[in-house]
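Atoms within a ligand are numbered from 1 in the order they appear, just like the ligands themselves.
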Amino acid sequence: MKNIAIFASGTGSNFIAIYNAIQNGYLNCNLELLISDKPKSKAIEKAKTLGINHFSFSPKQYSNKEAYETEIVELLQSHHIDLIVLAGYMRLIGSTILSNYEGKIINIHPSLLPLYKGKDAVGQALLDKATKTGVTVHYVDSGMDTGSIIKQVECPIQPNEQRETLEPKIHAIEHKIYSQV
Ligand code: GAR
């Protein structure tokens with residue numbers, strides 16, 4: 001069975017959706033490790049509660065990205081990780097991880113890439129008065145949200161739609177399609 005590591009910086013709802021998909025037998029893999037760059041994140045709290053191996057780090061406590069990514073690569077190797085799943089990991093993956101896991105890192109992003117890259121893609125779509133947005137799952141390369149696209153699903157934006165109504169729709173799509181991918 002393949003081992004996956006999920007990287008998350010925030011709430012971890014996509015992490016939990018994948019956890020649930022494994023628990024209910026939809027997804028056949030082992031959620032071996034949860035990694036976060038935010039030691040106090042909800043994602044880490046949830047990993048602790050569920051008894052999932054976890055590692056958190058504060059980037060500021062390392063001299064540079066190479067230093068913390070070297071530690072992460074050692075950890076990933078010791079856990080025999082086959083696939084890295086970025087789920088709200090709000091940091092660019094650097095060359096240290098990329099060179100060791102080329103073609104084995106995927107990301108989910110709340111827009112129809114190449115539109116609205118980077119932070120707050122939902123807010124960017126609303127500000128742009130777009131009539132639709134969506135979710136993209138893609139391979140990770142050295143750019144920001146630029147790797148080749150695996151799957152995209154559209155989400156219409158209603159006139160006068162607010163963040164409070166759009167975000168849950170985006171999340172519902174994410175929670176479904178990430179496990180499918
Ligand atoms: C998700 O909407 C994900 O697409 C987004 O962060 C959120 C994390 O939610 N990722 C990005 O914007 C990456 N550029 P979660 O912590 O509840 O899974």
Within ligand 1, which atoms have a heavy atom of [X] less than 4.0 Å away?
| X | result |
| --- | --- |
| Thr11 | 16 (O), 17 (O) |
| Gly88 | 6 (O), 8 (C), 10 (N) |
| His171 | 2 (O), 9 (O), 17 (O) |
| Asp145 | 14 (N) |

field: Any N/O pair Tyr89/ligand 1 closer than 3.5 Å
entry: no
Are a donor atom and an acceptor atom from the side chains of [X] and [Y] found within less than 3.5 Å of each other?
| X | Y | answer |
| --- | --- | --- |
| Tyr62 | Glu71 | yes |
| Thr96 | Thr70 | no |
| His175 | Ser13 | yes |

message: Which residue and atom name correspond to the protein heavy atom nearest atom 4 (O) of ligand 1, and how close is it?
response: Glu174 OE2, 2.4 Å
contact_flag [X] ligand 1 heavy-atom lt 4.0 Å:
| X | answer |
| --- | --- |
| Gly12 | yes |
| Ala8 | no |
| Glu167 | no |

- prompt: Would you call Asp120-Arg163 a salt bridge at under 4.0 Å N-O?
  reply: yes
Tell me which donor-acceptor pairs under 3.5 Å the side chains of residues 21-28 have, and how far apart each pair is, sequence neighbours excluded?
unit_1, atom_1, unit_2, atom_2, d
Asn24, OD1, Tyr26, N, 3.1
Asn24, ND2, Asn20, O, 3.3

task: Output yes when a side-chain donor or acceptor of Lys151 lies under 3.5 Å from a complementary backbone atom of His138, and no otherwise.
output: no
query: Is ligand 1 under 4.0 Å from a heavy atom in the side chain of Lys119, in the backbone, in both, or in neither?
result: neither
field: Region of Lys42 engaging ligand 1 - heavy atom pairs below 4.0 Å
entry: neither
message: As a check for students: among Gly118, Ser13, Gly10, Ala17, identify the option with a heavy atom nearest to atom 15 (P) of ligand 1.
response: Ser13
query: Can you pull the salt bridge (Lys or Arg N to Asp or Glu O under 4.0 Å) pairs that have at least one residue in residues 75-95, sequence neighbours excluded?
result: Asp37-Arg91
- prompt: Under 30°, 30 to 60°, or over 60°: which ring-plane class applies to Phe57 and Tyr89, parallel, tilted or perpendicular?
  reply: tilted
